[in-house]
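Everything on this sheet refers to the single structure shown next.
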Amino acid sequence: MRYEPPRFPAMDSTYNPKTVEATAQTHWIATDAYKAVEHDPRFPKGKYYACSMLPYPSGKLHMGHVRNYTINDMLVRYLRMQGYNVLMPMGWDAFGLPAENAAMKGKVAPAAWTYENIRTMKSQCNALGLAIDWSRELTTCDPAYYKWNQWFFLKMLESGVAYRKTQIVNWDPVDQTVLANEQVIDGRGWRSGALVEKREIPGYYMNITKYAEELLDATLHKLPGWSDRLRTIQENWIGKSEGVRFAFPHDIKDANGKSIQDGKMYVFTTRADTIMGVTFVAVAPEHPLAVRAGEMNPLLAPKIEALKAGGTTEAELAVKEKEGVATGLFVTHPLTGEQVEIWVGNYVLITYGDGAVMGVPAHDERDFAFAKKYNLPIKQVVALPPGGRVPKAGEGDGAPSPVGSSTNSLSPTLPPGGREFSTHAWQDWYGNKGEGIAISSGSYDGLKFADCVDAVANDLIAKKLGEKKTTFRLRDWGISRQRYWGTPIPVIHCDDCGVVPVPEKDLPVVLPEHHIPDGSGNPLKHDEAFINCACPKCGKPARRETDTMDTFVDSAWYYMRYASPDAAINGMPSMVDSRNDYWMPMDQYIGGIEHAVLHLLYARFWTKAMRDMGLLKFDEPFKRMTNHGMLLNHIFYKPTDKGTKDYIPPTDVHNTFDEKGHINGGTLADGSRVEYGGIGKMGKSERNGVDPQDLIDKYGADTARLYVMFVGGPEDPAVWSDTAVEGAMRFLRRVWTYCADRSGEIASAGAVDMNSLNADLKATRFELHNTLKQSNFDYERQQYNTVVSASMKMLNALETVKPGVSPSISREGASILLRTLYPVAPHITCQLWADLGFEKTEGELLNAKWPQPDAAALVQDELKLVLQVNGKTRGEIVVPSSADKAAIEAAAAASPDVAKYGEGRTPKKIIVVPGRLVNVVV
RNA sequence: GCCGGGGUGGCGGAAUUGGUAGACGCAGUGGAUUCAAAAUCCACCGCUAGUGAUAGUGUGGGGGUUCGAGUCCCCCCCUCGGCACCA
């Protein structure tokens with residue numbers, strides 16, 4: 001490396017973050033310091049791709065971004081010094097609703113608003129000193145990017161992975177738009193307040209359910225770098241359930257005399273073993289049989305209609321009381337031939353399975369509640385064998401019942417004839433699939449769950465009335481949005497040819513960027529220049545699709561576009577290229593847990609779809625996933641006359657404390673009292689957010705970074721503390737002062753000579769290298785809060801050596817401290833590294849070698865061992881570090897503490913833990 | 001209800017995975033410096049008793065394993081998150 005004269009001015013005696021950070025950032029940009037190149041020979045350990053979830057450009061960065069990106073930044077800076085070819089890109093999730101809302105409010109085009117926000121946030125990323133390779137920056141509203149959304153969508157359409165169907169949606173008649181479930185509040189549009197209608201609208205779907213089994217299997221077995229928490233969330237969402245789908249035959253006819261659903265009412269059950277306990281069937285209010293019952297009996301129709309009441313979301317359904325109405329219609333039990341009455345129930349969902357269930361009140365909680373309410377018969381068909389273990393002995397003394405004990409009075413056994421069905425016992429064991437056996441079930445009697453299900457399924461198959469079936473909670477992904485600010489769906493509607501895909505050569509279908517939505521629906525609908533086109537098939541005038549894609553499409557694959565931002569194969573532009581094979585799969589993905597389901601699942605699905613299209617060779621995109629914890633802050637408010645709360649930013653509040661030292665409220669500058677609302681997620685609604693820009697302006701980026709890393713583990717939630725930020729600043733100032741006070745001796749000092757060190761200096765050096773060892777361990781496991789505390793410990797140890805006492809220790813100490821602190825606080829450390837002359841001899845800090853502890857420094861002449869007597873710590877003994885087990889035992893036995901606490905008894909046993917402790921048992 | 005995290009001083013958190021609990025920091029107390037304040041530096045800082053040396057006690061609660069448990073096992077409580085009339 002060629003020597004260049006120091007670019008920093010002579011060393012300042014006080015720490016001035018503003019100039020330090022500006023100097024460093026200017027230098028990094030000028031030298032293209034973070035540009036990543038595939039197969040870079042400077043980095044022998046191979047590639048490491050670490051990426052943060054791309055942000056929505058809402059205006060400016062918030063503290064969550066700072067935390068997310070600093071974790072990412074520390075990781076890549078550390079790994080680069082380890083010899084890895086690291087990649088940390090950044091981009092913008094630039095399509096979406098907030099831009100349309102901002103447009104309505106500010107009368108500015110979403111495009112203009114979005115690009116302005118990106119400019120601001122990009123400069124904030126640089127102000128934070130993030131090691132981003134901006135040459136790979138992407139913006140999802142850029143036609144060069146979304147062209148490939150369209151291209152791949154057409155490929156999926158071709159292969160059938162994407163398809164068109166008619167969907168029922170929430171329609172806001174005032175805003176002329178479709179609303180997501182979470183945008184419907186009490187049946188009204190969140191913005192317009194209009195009553196939301198159900199509309200059937202054609203749209204495009206992606207067949208993610210085709211991949212459900214593979215997604216689930218990989219979730220459970222192929223993602224060891226994901227947390228249990230995350231895996232469980234995905235597993236629940238996919239929601240696999242295995243059971244039997246079968247039909248109850250009937251001869252109910254519709255108004256035209258045609259048999260409804262060919263005379264078969266299908267149901268799905270995971271408990272086919274309880275089929276002999278069916279005492280009714282229940283259908284959803286929208287089920288054809290319910291509809292027919294309403295037609296046949298006009299008195300019934302309004303009652304059935306009423307059962308539809310309430311919201312459509314699952315959460316709303318959950319709080320509804322179970323209600324129903326008998327139809328007077330009957331179906332035939334497929335195995336017994338008995339007639340079973342059809343009820344319409346509000347707890348049966350038309351959208352799940354076949355919209356009908358078999359009612360087995362003895363062995364299903366919901367059926368039980370329903371049967372009790374309407375006095376329907378309850379027939380027990382599963383019992384625990386005598387002596388079987390009772391799952392929960394609520395009536396007992398709390399001790400588990402012994403397995404196999406025939407005297408166990410808590411075990412429900414076969415009920416004697418005529419005895420009333422026991423509801424408490426049922427509560428305890430109705431769901432116990434593992435141990436129950438069939439009773440009162442004819443030929444199935446005595447069979448255990450799995451065998452019984454098999455036997456029932458076989459009989460149903462023989463009658464051609466059923467089959468085993470696996471269902472998933474996961475639904476196909478509807479990607480059509482009746483929105484302006486998104487990727488245009490590249491299809492054309494022709495009166496003669498129907499729906500015609502846009503030919504590949506005509507991509508991208510460019511979204512006009514000048515529209516300003518006014519709340520009256522998608523402006524594309526009135527954009528004749530956009531809509532009018534020629535049919536690619538027949539050439540006649542045709543209309544362009546005005547729906548756009550869900551923005552989750554944009555984020556489903558952007559991380560691969562970073563890898564090959566201008567991808568081309570054989571000179572032709574392509575979605576990805578061989579550079580994607582180099583960087584992917586991603587080694588570490590970092591983002592909020594709020595994307596645990598949708599984004600991560602769609603990205604995994606999209607990867608598999610690309611794989612099946614031959615575009616890549618791996619199955620899973622993200623090897624490791626870190627979900628950084630939320631940032632929390634105290635909440636303060638003043639109650640208003642209306643009973644609402646006026647939230648007060650915590651910065652305006654002078655806290656007051658109760659006698660235990662906990663915050664219990666506060667006062668404002670005018671002396672008025674505010675109430676304490678506890679701790680909550682930083683956000684606009686409670687006005688308890690902290691603006692990173694304020695922090696950077698006041699303390700600098702290094703302090704902001706150090707603080708967010710020190711406050712807790714990367715995945716833990718963290719509560720904001722102003723005074724702790726001051727502490728972070730204080731530490732950096734001490735680092736600066738330490739270096740400034742010793743700059744002369746450090747610049748000229750030589751290597752440490754162990755033989756010339758006195759005991760104190762040896763102890764300092766031991767502390768330095770021992771702490772380095774801990775720091776390296778914590779870097780490896782990405783526990784960055786203790787990495788920061790290790791740096792603090794190093795400084796504490798080094799400061800005990802006053803200036804001039806040992807230049808060689810000061811030099812070694814500074815060189816280690818600056819390198820271990822660099823990933824957290826890159827600006828100050830780069831400046832000091834240069835000022836102290838390290839850059840001259842070892843090159844820029846960015847590429848310096850990561851420090852390793854010196855084994856010689858860790859050798860001690862004497863060891864302090866903890867002395868325990870009967871397992872209680874009673875003192876310590878000092879032995880030569882060369883002492884063997886026998887010598888240590890002898891030293892321990894001779895200790896006065898053993899005599900004192902052992903009360904003179906002779907040691908029975910002495911346990912020696914090398915280097916740690918010795919325990920004398922008397 | 002099921003599943004997955006978690007519970008350690010006044011506070012944030014550590015404990016290299018069974019070996020001195022409370023590292024590091026914040027807050028607090030006392031002192032130095034200062035005309036004064038800020039900043040900085042030094043000392044103390046789990047709880048109880050004691051002037052003190054010290055003793056006892058202590059990681060949500062109760063049992064257990066072990067020479068030794070914040071850490072492992074069993075039961076319970078609390079809390080955060082996910083799923084949920086999913087048949």
Side-chain angles (χ1 to χ4, degrees), chain A residues 227-237 239 241 243 267-271 274 282 314-315 317-322 345-349 351-360 364-367 369-370 398-400 431 471-473 593 596-597 630 657-663 707 710-713 715-728 730-731 733-734 737 771 773-774 776-778 780-781 783 785-786 788-793 795-796 799 864-876 908-922:
Chain A
S227 64
D228 287 344
R229 179 182 175 206
L230 194 49
R231 277 199 297 255
T232 309
I233 291 173
Q234 293 230 332
E235 189 189 339
N236 286 340
W237 188 268
S241 86
V267 299
F268 175 76
T269 178
T270 56
R271 293 299 307 268
T274 65
E314 290 163 10
L317 287 172
V319 292
K320 276 201 296 199
E321 160 99 19
K322 283 159 197 64
N346 69 347
Y347 71 101
V348 185
L349 303 176
T351 49
Y352 189 84
D354 294 280
V357 298
M358 66 177 195
V360 185
D364 180 279
E365 207 171 348
R366 295 150 303 175
D367 296 343
F370 195 76
T471 63
F472 292 90
R473 201 189 99 89
I593 191 79
V597 175
M630 278 193 301
F657 301 88
D658 64 16
E659 67 281 359
K660 285 200 79 181
H662 298 122
I663 294 176
Y707 169 74
F710 186 53
V711 71
E715 307 220 288
D716 299 329
V719 183
W720 185 258
S721 157
D722 285 324
T723 51
V725 178
E726 301 270 358
R730 196 175 304 151
F731 168 65
R733 252 196 315 253
R734 272 173 59 209
T737 307
T771 307
K773 200 171 130 192
Q774 178 223 311
N776 286 353
F777 179 79
D778 291 338
E780 276 302 309
R781 57 173 175 161
Q783 186 173 288
N785 52 334
T786 48
V788 174
S789 69
S791 293
M792 292 172 169
K793 274 160 102 165
L795 182 62
N796 288 347
E799 279 179 337
K864 273 185 194 162
L865 296 181
V866 170
L867 177 66
Q868 294 185 338
V869 179
N870 287 342
K872 286 202 172 211
T873 302
R874 294 301 187 184
E876 57 184 33
K908 259 199 296 202
K909 191 171 165 189
I910 299 179
I911 291 135
V912 177
V913 182
R916 288 240 181 225
L917 62 71
V918 48
N919 184 12
V920 181
V921 185
V922 297

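A, B, ... follow the sequence lines: proteins, then strands. Residue 1 opens every chain.
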Measure from the side-chain heavy atoms of A:R733 and tell me the nearest of B:A87, B:C24, B:U40.
B:U40
Between B:U71 and B:U8, how many Å separate the two P atoms, rounded to a whole number?
14 Å
Residues in side chain to side chain contact (heavy atoms under 4.5 Å, CB included) contact with A:D722, at least two apart in sequence or another chain
A:W720
Name the pairs: protein N/O against N/O of nucleotides 26-30 of chain B, kept only if under 3.5 Å.
| from | atom 1 | to | atom 2 | distance (Å) |
| --- | --- | --- | --- | --- |
| B:C26 | OP1 | A:R730 | NH1 | 2.5 |
| B:C26 | O2' | A:T723 | OG1 | 2.6 |

Looking only at atom C1', what distance separates B:G1 and B:G13, rounded to whole Å?
34 Å
Nearest 0.5 Å, what's the CD1-CD1 distance between A:I233 and A:I593?
4.0 Å
Check nucleotides 66-73 of chain B for protein N or O atoms closer than 3.5 Å to its own N or O atoms and list the pairs.
| from | atom 1 | to | atom 2 | distance (Å) |
| --- | --- | --- | --- | --- |
| B:C67 | O2' | A:N919 | ND2 | 3.3 |
| B:C67 | O2 | A:N919 | ND2 | 2.3 |

Considering only the C1' atoms, how many Å lie between B:C77 and B:G62, rounded to the nearest integer?
10 Å
In this structure, how many angstroms lie between the C1' atom of B:C24 and the CE atom of A:M792, rounded?
7 Å
Could you tell me if the side chain of A:N870 sits less than 4.5 Å from the side chain of A:V921, heavy atoms only?
yes
Give the intermediate values and the outcome of side chain to side chain contact (heavy atoms under 4.5 Å, CB included) for residues A:Q868 and A:I911.
CA-CA 9 Å; A:Q868 294 185 338; A:I911 291 135; over 6 Å; no
Let me confirm one number: the CZ-OG1 distance from A:F268 to A:T471, rounded to the nearest 0.5 Å.
3.5 Å
According to side chain to side chain donor-acceptor pair (under 3.5 Å), who are the partners of A:T232, at least two apart in sequence or on a separate chain?
none
For A:Q774 and A:T786, which heavy atoms make the closest approach, and how far apart are they?
NE2-O, 3.5 Å
In whole angstroms, the gap separating C1' of B:C2 from CH2 of A:W237 amounts to 17 Å
Quote, to the nearest angstrom, the P distance that separates B:C86 from B:G5.
24 Å
Could you measure between the two P atoms, the one in B:C26 and the one in B:C42, and give it in whole Å?
12 Å
Quick test: give all pairs of protein nitrogen or oxygen and nucleotides 14-16 of chain B nitrogen or oxygen below 3.5 Å, distance rounded to 0.1 Å.
| from | atom 1 | to | atom 2 | distance (Å) |
| --- | --- | --- | --- | --- |
| B:A14 | OP1 | A:N785 | ND2 | 3.1 |
| B:A15 | OP1 | A:R781 | NH2 | 2.5 |
| B:A15 | OP1 | A:Q783 | NE2 | 3.0 |

According to salt bridge (Lys or Arg N to Asp or Glu O under 4.0 Å), who are the partners of A:R781, at least two apart in sequence or on a separate chain?
A:D778
Base of B:G50 relative to its sugar, syn (within 90° of 0) or anti?
anti
What is the separation between atom CG on A:N346 and atom C1' on B:C85, rounded to the nearest whole Å?
8 Å
Provide the closest heavy-atom pair for A:A596 versus A:L230 in the form atom of the first, atom of the second, distance.
CB-CD1, 3.3 Å
Please measure how far the C1' atom in B:G12 lies from the corresponding atom in B:G7, and state the result in whole Å.
15 Å
Quote, to the nearest angstrom, the P distance that separates B:G52 from B:C44.
15 Å
List the atom of A:F710, the atom of A:S789, and the distance in Å for their closest heavy-atom pair.
CE1-CB, 3.9 Å
Side-chain N or O of A:R734 versus OP1/OP2 of B:U40: is the shortest distance under 4.0 Å?
no
Between B:C24 atom C1' and A:L795 atom CG, what is the distance in whole Å?
12 Å
How is A:L917 classified with respect to the nucleic acid when contacts are heavy atoms under 4.0 Å: base, sugar-phosphate, or nothing?
base
Run the side chain to side chain donor-acceptor pair (under 3.5 Å) test against A:N919 and tell me which residues pass, sequence neighbours left out.
none
Under the rule syn = chi within 90° of 0, otherwise anti, which is B:U33?
anti
Under the rule for salt bridge (Lys or Arg N to Asp or Glu O under 4.0 Å), what residues qualify as partners of A:R733, not counting sequence neighbours?
none
Quick check: closest heavy atoms across A:L865 and A:L917, and the distance to 0.1 Å?
CD2-N, 4.2 Å
Quick check: on RNA chain B, is the nucleotide nearest A:D367 upstream (toward 5') of the one nearest A:V597, or the reverse? Name the residue that is more 5'.
A:V597
Mind checking the C1' distance from B:G68 to B:G19? Whole angstroms is fine.
7 Å
When rounded to the nearest 0.5 angstrom, what distance separates CG in A:N776 from OG1 in A:T771?
11.0 Å
I'd like a list of close polar pairs between nucleotides 58-60 of chain B and the protein, N/O only, cut-off under 3.5 Å.
none

For A:E799, the salt bridge (Lys or Arg N to Asp or Glu O under 4.0 Å) test, sequence neighbours excluded, returns A:R734
Taking CZ from A:R874 and P from B:U54, how many angstroms apart are they, rounded to a whole number?
13 Å
Between A:N796 and A:T269, which is nearer to the 5' end of RNA chain B once each is assigned its nearest nucleotide?
A:N796
Rounded to whole Å, the OH-C1' distance (A:Y707 to B:G13) equals 12 Å
Nearest-angstrom distance from the residue atom CG of A:N236 to P of B:G1:
17 Å
What is the minimum heavy-atom distance between A:Q234 and A:V597, and which atoms define it?
NE2-O, 3.9 Å
Just the rounded figure in Å: distance from P of B:G81 to CG of A:L230.
16 Å
Output all residues satisfying side chain to side chain contact (heavy atoms under 4.5 Å, CB included) with A:A718, sequence neighbours left out; order by chain, then residue number.
A:R67, A:L631, A:V711
Pairing annotation in dot-bracket form, given for RNA chain B with Watson-Crick or G-U pairs under 3.5 Å and | for cross-strand partners
(((((((..(((......[....))).(((((.......))))).((((....))))..(((((..]....))))))))))))....
Quick one: pull up OH in A:Y347 and CG in A:D367 and give me the separation to the nearest 0.5 Å.
4.0 Å
